[in-house]
Amino acid sequence: MRYLVHVAMIFLLAAACEGSDPMVDPVLPQVRVDPLTDDEGDVTRSVFIDFRLDRASSEVVTLSIRSVNGTAEAGQDFVSIDNEVLQFQAGQVALPLRVDILGDEAAEEDEYFTIEIVEAMGAGIEVASAQITLLNDDEGGLVIPETGYSTPDSYPGMTLIWQDEFDGDALNGDYWTHEIGTGCPNLCGWGNNEWQYYRPDNTYLQEGNLIIEARKESFSGSNYTSSRIITRDKFDFQYGRVDIRAALPRGQGLWPALWMLGANIGSVGWPASGEIDIMEMVGGESRDNWVHGTAHWSNAGQHAQYGDSISLAPGALQQEFHVFSIIWTATKIEWYVNDMKYNTLSTVPGDLSEFRNPFFLIMNVAVGGNWPGYPNAQTQFPQRMIVDYIRVFQEE
């Protein structure tokens, strides 16, 4: 009897709930914000960002919207939006949001900022943010910094044995060779799972500077292109001071490098040849202002390395020139940024004998790889490493 009463109560409860379904909310419409790419323009003007519902609602849908700085900054490139309210009336499925763009006539990189949905009432959020890209439409596009640190062309007790000031019309073929391709078939991804195809077209000289340009473009099976140049078989040296004055690219997945390899790499391979990284930067958010100096070698047949890093003010590496240096002797390697020493490696131990042989120079900008990761939606292209000079000194 108790069993029958229990079953009856269940059926009564089910009947009472049928039709009211108080525990289940109706399915909400979903809202999204669309990305936009437009010219920056020369004067202040308005663009309109589209917000969309996937279906009409019978109720009012209210959104709270804000802007977030990227490489474009509020007050300088656009007018900030701070929790602005946007409302879909019943039956509406699309609404524009006006954003004021602060145009100018300065040649500069393409820039971006983000529009975000902070909160949605009456709708779910399908796509919460979108990138707004402002394309440079002023003559030039390339901005060469006018300020920054510099070093002298002579030091007491030292002789300038080699230099490139990049003052000509084209890269000096007596000094430099282009490495071309993806590293395949012997070293696909150049040993680091990088995404770029290196080609000479991405290197050029302008206003006394070398430009290495990373581009997002399809070429020979790759989606990105860049350049890598080396002095192998044209200039190598053993010991001395190297000064390289450069401004760097920025963005997730960018990997500019100024570095050296042992001239005997063809016979002994890597890492037995030794590697000296004068400067590496791995782009992305707060990493864009860190400089790394590292050495690699072979320790009993195994890869060994030692390095350190130093941070500069946010944006400084891109907005002005800095001088990246090493002082290399028979007993140690020291790393400097703007004559500030931040790393030292003793090369006295026997397993570091690689660093008592001649080395050649390399400059490149990689896209993606094991260390920096890979470009994302916020990575802007083209990106450029700008080199003003490279100088090598030795003791007299």
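No experiment lies behind these values; they were computed from the predicted model shown.
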Note to self: Run D100 and R98 through salt bridge (Lys or Arg N to Asp or Glu O under 4.0 Å) and show every step you take.
What the structure shows: CA-CA 7 Å; D100 292 328; R98 192 185 83 176; 3.5 Å; yes

Can you confirm whether or not the ring centre of F359 sits under 6.0 Å from the ring centre of W328?
yes

E59, CD: over 12 other non-hydrogen atoms inside 6.0 angstrom
no

Shortest non-hydrogen pair, A246 vs L258, comes out as CB-CD1, 4.4 Å

Note to self: Do I101 and D77 have side chains that approach each other closer than 4.5 Å (heavy atoms only, starting at C-beta)?
What the structure shows: no

Any chance you could lay out the side-chain contact (heavy atoms from CB on, under 4.5 Å) test for I212 and N364, step after step, and finish with the verdict? CA-CA 7 Å; I212 295 180; N364 70 288; 5.5 Å; no

Distance only, no hydrogens: is a donor on one side chain within 3.5 Å (strictly under) of an acceptor on the other, for T379 and Q252? no

- Query: Would S267 and N264 count as having a side-chain donor-acceptor pair, cut-off 3.5 Å?
  - Reply: no

same_hphob_cluster(I244, I229) at 4.5 Å side-chain heavy-atom cutoff:
yes

Notebook entry, point to check: If you measure only the distance, is there a donor-acceptor pair under 3.5 Å linking the side chains of E217 and T225?
Noted result: yes

Open item on the list: Pairing donors with acceptors under 3.5 angstrom, does anything connect the side chains of Y342 and E334?
Closed with: no

Test: D50 and R52 ion pair at under 4.0 Å: yes

Heavy-atom side-chain contact between W297 and Y306 under 4.5 Å: yes

Quiz prompt | Derivation and outcome, side-chain contact (heavy atoms from CB on, under 4.5 Å), residues I230 and E179 | solution = CA-CA 7 Å; I230 65 176; E179 291 199 289; 3.6 Å; yes

| query | Taking the six-membered ring for Trp, are the ring centroids of H292 and W255 within less than 6.0 Å of each other? | reply | no

**OP:** Take L63 and V85 through the test side-chain contact (heavy atoms from CB on, under 4.5 Å) and record every step on the way to the result.
**Re:** CA-CA 6 Å; L63 308 179; V85 174; over 6 Å; no

One should read off an interatomic distance between M385 CE and S227 OG, to the nearest 0.5 angstrom, of 10.0 Å

* Side chain proximity check, Q394 to T159, heavy atoms < 4.5 angstrom -> no

Any heavy-atom pair between the side chains of R384 and L254 that's under 4.5 Å? no

Residues, nucleotides or ligands: over 12 heavy atoms within 6.0 Å of R45 CZ:
yes

_Under a 3.5 Å threshold, yes or no: a donor from one side chain and an acceptor from the other, between D339 and Y149?_
yes

Is it true that, when you exclude Q163 itself, more than 12 heavy atoms of the residues, nucleotides or ligands shown sit nearer than 6.0 Å to its CD?
yes

More than 12 heavy atoms of other residues, nucleotides or ligands under 6.0 Å from CD of E396: is that the case?
-> yes

Is the ring pair F219/Y197 parallel, tilted or perpendicular, if the boundaries are 30 and 60 degrees? perpendicular

Any chance the side chains of S150 and Y389 put a donor and an acceptor closer than 3.5 Å?
-> no

Requested in this report: Evaluate side chain to side chain donor-acceptor pair (under 3.5 Å) for D243 paired with Y155, printing each intermediate quantity in order.
Outcome: CA-CA 12 Å; D243 291 338; Y155 293 96; 2.7 Å; yes

Q: Report the relative orientation of the aromatic rings in H303 and W270; use parallel for angles under 30°, tilted for 30 to 60°, perpendicular for over 60°.
A: tilted

**Prompt:** Are the aromatic rings of F235 and W176 close, with centres under 6.0 Å apart?
**Reply:** no

>> Under a 3.5 Å threshold, yes or no: a donor from one side chain and an acceptor from the other, between N202 and S226?
In response: no

Heavy atoms of P382 and R215 approach each other most closely as CB-CG, 4.3 Å

Where the side chain of T294 meets the backbone of D277, is there a donor-acceptor pair that is under 3.5 Å apart? no

Worksheet item: Under 6.0 Å between ring centres, would you say that holds for F381 and Y224?
Response: yes

Full working for side-chain contact (heavy atoms from CB on, under 4.5 Å) between I115 and I65: CA-CA 7 Å; I115 295 293; I65 311 298; 3.7 Å; yes

Taking atom types as modelled, is there a side-chain donor on Q380 or Q378 under 3.5 Å from an acceptor on the other?
-> no

Measuring only between side-chain heavy atoms, which start at C-beta, is V337 closer than 4.5 Å to V323?
no

Distance col, row K341:NZ vs S325:OG, nearest 0.5 angstrom, shows 13.0 Å

- Taking atom CG of D169 as the centre, does the number of heavy atoms from other residues, nucleotides or ligands within less than 6.0 Å exceed 12? no

Exercise. Is R391 paired with E165 through a side-chain N to carboxylate O contact shorter than 4.0 Å?
Worked result: yes

(Q) Could you check, using the six-membered ring where one of them is a Trp, whether W162 and F237 have ring centers closer than 6.0 angstrom? (A) no

Requested in this report: With the side chain counted from C-beta on, respond yes when V387 and N209 share a heavy-atom pair under 4.5 Å apart, and no when they do not.
Outcome: no

**Message:** Strictly below 4.0 Å, N to O, side chains only: are K234 and D174 in salt-bridge contact?
**Reply:** no

- Item | Contact check, side chains of V79 and L102, non-hydrogen atoms, under 4.5 Å | yes

Quick one: are V118 and N83 in side-chain contact, heavy atoms under 4.5 Å? yes

* **Derivation and outcome, ring pair (Phe, Tyr, Trp, His ring centres under 6.0 Å), residues F51 and F88** => CA-CA 9 Å; F51 291 77; F88 291 83; 7.6 Å; no

Note to self: Measuring centre to centre across the rings, with the benzene-like ring taken for any Trp, is W190 within less than 6.0 Å of Y198?
What the structure shows: yes

Separation between CD (E320) and CG (N338), nearest 0.5 Å, reads 8.0 Å

Between the CD1 atom in I49 and the CG atom in L97, the distance rounded to the nearest 0.5 Å is 6.5 Å

